[in-house]
Protein chains: 2
Amino acid sequence: MSYVLQEDDVRILQLLQHDARFTVKEMADKLGKSATPVYDRVRRLEREGFIRGYVAILDKTKIERSLVAFTHVQLKEHSSDMLNAFKNESSRFPEVMECYHMTGEYDFILKITLKDMNEYNDFILTKLATLPNIRTVQSFFVLSEGKVETAYPLHWQAGKKK
Amino acid sequence: MSYVLQEDDVRILQLLQHDARFTVKEMADKLGKSATPVYDRVRRLEREGFIRGYVAILDKTKIERSLVAFTHVQLKEHSSDMLNAFKNESSRFPEVMECYHMTGEYDFILKITLKDMNEYNDFILTKLATLPNIRTVQSFFVLSEGKVETAYPLHWQAGKKK
DNA sequence: TGTGAAACCTCAGGAAT
DNA sequence: ATTCCTGAGGTTTCACA
């Protein structure tokens, strides 16, 4: 049976999703508690797997990765072996930040980041297109980002207390 | 003129991209330096905008957001006013985690997370499809995730030192 | 690179509900 | 059985030399 979030847990998760460097004390002050219960909740949320990790988010324009592409791939063969093979091999490329097996018209959507169109062209020709079993590769490029959020919105539906 | 990364900066960024809770001392030990230079570099990387922030990554299956959709939208009108209007309004929905203005066949790709297909259906009908100026909405659903990485690979091309 | 003070983390023990 | 607090030792942060 899995741990059921309480209101304080939700508030802690909301805070940490937006800034992982809140100190236990800062959060305790916001929640009107002392440090210990907040400390214990954070540890429990980590232990129970709600928090997968803490990461720094970089500005991709500062590190030569301004080009973002969503590349849609159709395979020829769709046996589970073939699907897993593509998933594993495409995920191995460092340019591939995300790889999703999809329903519908496309088998995979890859999120790819690179410096510019030259590098993208190179990547497709010398890396992605060399994988076997590919039927089509269709690329869409990001012109501008309207929203890029890592924090899930959390609602707390009043649990049955007492 | 913008700050040029040195090898230690790159190594620090790589560490923090994978675990934002490395202490300055831990990183200093890995780099074979004392704490102060590492501390100063981290502050500079933040100040110069390389590090946008530190966030906790949650497990979406634990918080009722297992369904991930990439929704492709075509608009009718493509004036910059209309494009901005859609970008702003769609970004306002909490279900929309990411919103990209794209080149090519589709005008926007939205990454949407929700609990299940019922909620998705509801979202499309009562929220997204009520926005004006939409021509088509095409949804693709994630069956499984092969790779989801927030850390950009960083290479350090030996700068001209000296 | 090292020092030092302030702030914080961590975890024991114990109180209150 | 939880949930909470106090308190104290060890660690981290951060300005300064």
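Reminder, nothing fancy here: chain letters follow the sequence lines and each chain counts from 1. Computation of the quantities below employed the complete heavy-atom set of this structure, encompassing side-chain atoms and omitting hydrogens, waters and symmetry-equivalent molecules.
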Self-check item: Mutual orientation of the aromatic rings belonging to Phe86(A) and Phe108(A) [parallel < 30°, tilted 30-60°, perpendicular > 60°]
Solution: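 Taking Phe108(A) first and then Phe86(A), their aromatic rings sit tilted (interplane angle of 30° to 60°).
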Exercise. Kindly assign one of parallel, tilted or perpendicular to the pair Phe140(B) and Tyr106(A), based on the angle between their ring planes and the thresholds 30° and 60°.
Key: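 Ring orientation of Phe140(B) relative to Tyr106(A): tilted.
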Quiz item: Would you say the base of dT6(D) and the side-chain of Thr36(A) have a donor-acceptor pair closer than 3.5 Å?
Solution: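 Result: at least one qualifying N/O pair found.
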Atom pair distance, as rounded to whole Å: [atom1] in [X] and [atom2] in [N]:
X	N	atom1	atom2	answer
Lys25(A)	dT13(D)	NZ	C1'	16 Å
Glu46(B)	dT13(D)	CD	C1'	12 Å
Met27(B)	dT11(D)	CE	C1'	15 Å
Asp40(A)	dA1(D)	CG	P	18 Å
Arg21(A)	dT13(D)	CZ	C1'	11 Å
Asp9(A)	dT3(D)	CG	C1'	12 Å
Phe22(B)	dT13(D)	CZ	C1'	18 Å
Asp29(B)	dT12(D)	CG	C1'	13 Å

Measure from the side-chain heavy atoms of [X] and tell me the nearest of [options].
X	options	answer
Arg43(B)	dC5(D), dT10(C), dC14(D)	dC14(D)
Asp8(A)	dC4(D), dC8(C), dT10(C)	dC4(D)
Lys33(B)	dT10(C), dC14(D), dT1(C)	dT1(C)
Ser34(B)	dC4(D), dC14(D), dG2(C)	dG2(C)

Quiz item: Is the closest side-chain donor-acceptor distance between Tyr152(B) and Glu64(A) under 3.5 Å?
Solution: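 Their side chains do not contain a donor-acceptor pair, so the 3.5 Å distance test is not met.
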Quiz item: Can you find a side-chain donor-acceptor pair between Ser139(A) and Tyr120(A) that sits under 3.5 Å?
Solution: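 Indeed, the side chains of Ser139(A) and Tyr120(A) share at least one donor-acceptor pair under 3.5 Å.
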Quiz prompt | Any donor-acceptor N/O pair, Asn121(A) side chain to Met117(A) backbone, under 3.5 Å | solution =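 Checking the backbone N and O of Met117(A) against the side chain of Asn121(A), no donor-acceptor pair under 3.5 Å is found.
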Self-check item: Short side-chain N/O contact from Gln6(A) to OP1 or OP2 of dT2(D), under 4.0 Å
Solution: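 False: Gln6(A) side-chain N/O out of range (4.0 Å or more) of dT2(D) OP1/OP2.
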Quiz prompt | Tyr39(B) side-chain N/O to dC14(D) phosphate OP1/OP2 under 4.0 Å | solution =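 Affirmative; the distance criterion is met.
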